Engineer: 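Before we start, here is the structure in question, set down as structure tokens.
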Amino acid sequence: NMLPTLLGEARQRTMPLFWDWRGKDTPRDCWPRWAVRDGDWKLLTDGEQRVELYRSPDDWAEATNVAQEHPEVVAKLSAGLTNWQTSLPKQVPQEFISKARRGKKLD
């Protein structure tokens with residue numbers, strides 16, 4: 001229930017948030033491709049070589065990549081991201097695709 005948050009109450013998130021920017025025509029060099037936000041930390045990656053880490057309370061503009069200074073945080077967030085990625089279905093379930101995209105008549 002997010003109503004208390006919408007009404008202005010502070011609420012602490014208990015689970016990380018994950019992002020996967022992909023689509024049918026996503027270019028290979030799409031940046032960032034994946035991200036995870038856990039507590040004060042945010043990790044961005046292309047899944048290959050590029051990794052950036054930011055500590056949000058200290059750097060809201062994400063101007064200073066601190067990945068080199070915090071390899072343990074990079075490793076932890078990267079492992080969580082990998083676990084999340086492997087938990088995703090290989091194909092989008094049909095019930096999640098709009099009827100219009102499946103060629104069916106809309107009600």
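Note that the structure is predicted; figures quoted are calculated from it, not measured.
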Engineer: Does Arg11 reach the main-chain N or O of Arg13 with its side chain, forming a donor-acceptor pair under 3.5 Å?
Structural biologist: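 No; judged by distance alone, with no hydrogens or angles, the pair does not exist.
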Engineer: Hey, could you give me the OG1/CG distance between Thr64 and Asp58, rounded to the nearest 0.5 Å?
Structural biologist: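 Output value for this atom pair is 9.5 Å.
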Engineer: Given side chains that start at C-beta, do those of Glu62 and Leu44 come closer than 4.5 Å, heavy atoms only?
Structural biologist: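 Yes - at least one pair of side-chain heavy atoms lies under 4.5 Å apart.
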Engineer: I'd like to know if Leu81 and Leu88 are part of one continuous hydrophobic network [Ile/Leu/Val/Met/Phe/Trp/Tyr, side-chain heavy atoms within less than 4.5 Å].
Structural biologist: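 Yes; tracing contacts between hydrophobic side chains, which count when under 4.5 Å, links both residues.
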Engineer: Do Arg50 and Glu48 meet the salt-bridge criterion of a basic N to acidic O distance under 4.0 Å?
Structural biologist: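 Salt bridge absent between Glu48 and Arg50.
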Engineer: Are any side-chain N or O atoms of Ser78 and backbone N or O atoms of Ala75, one a donor and one an acceptor, separated by less than 3.5 Å?
Structural biologist: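 Not a single qualifying donor-acceptor pair exists.
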Engineer: Supply the atom-to-atom distance Leu43 CG to Arg37 CZ, rounded to the nearest 0.5 angstrom.
Structural biologist: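 Here the interatomic distance stands at 12.0 Å.
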Engineer: For a side chain to side chain contact (heavy atoms under 4.5 Å, CB included) with Val74, tell me which candidate from Val66, Val51, Thr45 qualifies.
Structural biologist: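 Of the listed options, the one satisfying the test is Val51.
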Engineer: Quick check: are there more than 12 heavy atoms from other residues, nucleotides or ligands sitting under 6.0 Å from CD of Gln68?
Structural biologist: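 Open.
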Engineer: Would you say Arg33's side chain and Trp21's backbone share a donor-acceptor pair under 3.5 angstrom?
Structural biologist: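 Yes, Arg33 side chain to Trp21 backbone: donor-acceptor pair under 3.5 Å.
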Engineer: Between Val36 and Leu17, is any pair of side-chain heavy atoms under 4.5 Å apart?
Structural biologist: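 A side-chain contact is absent here, since even the closest heavy-atom pair is not under 4.5 Å.
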Engineer: ring-ring contact (aromatic ring centres under 6.0 Å, His included): which pairs involve residues 33-71, sequence neighbours left out?
Structural biologist: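 Of all non-adjacent pairs touching residues 33-71, those that pass ring-ring contact (aromatic ring centres under 6.0 Å, His included) are Trp41-His70.
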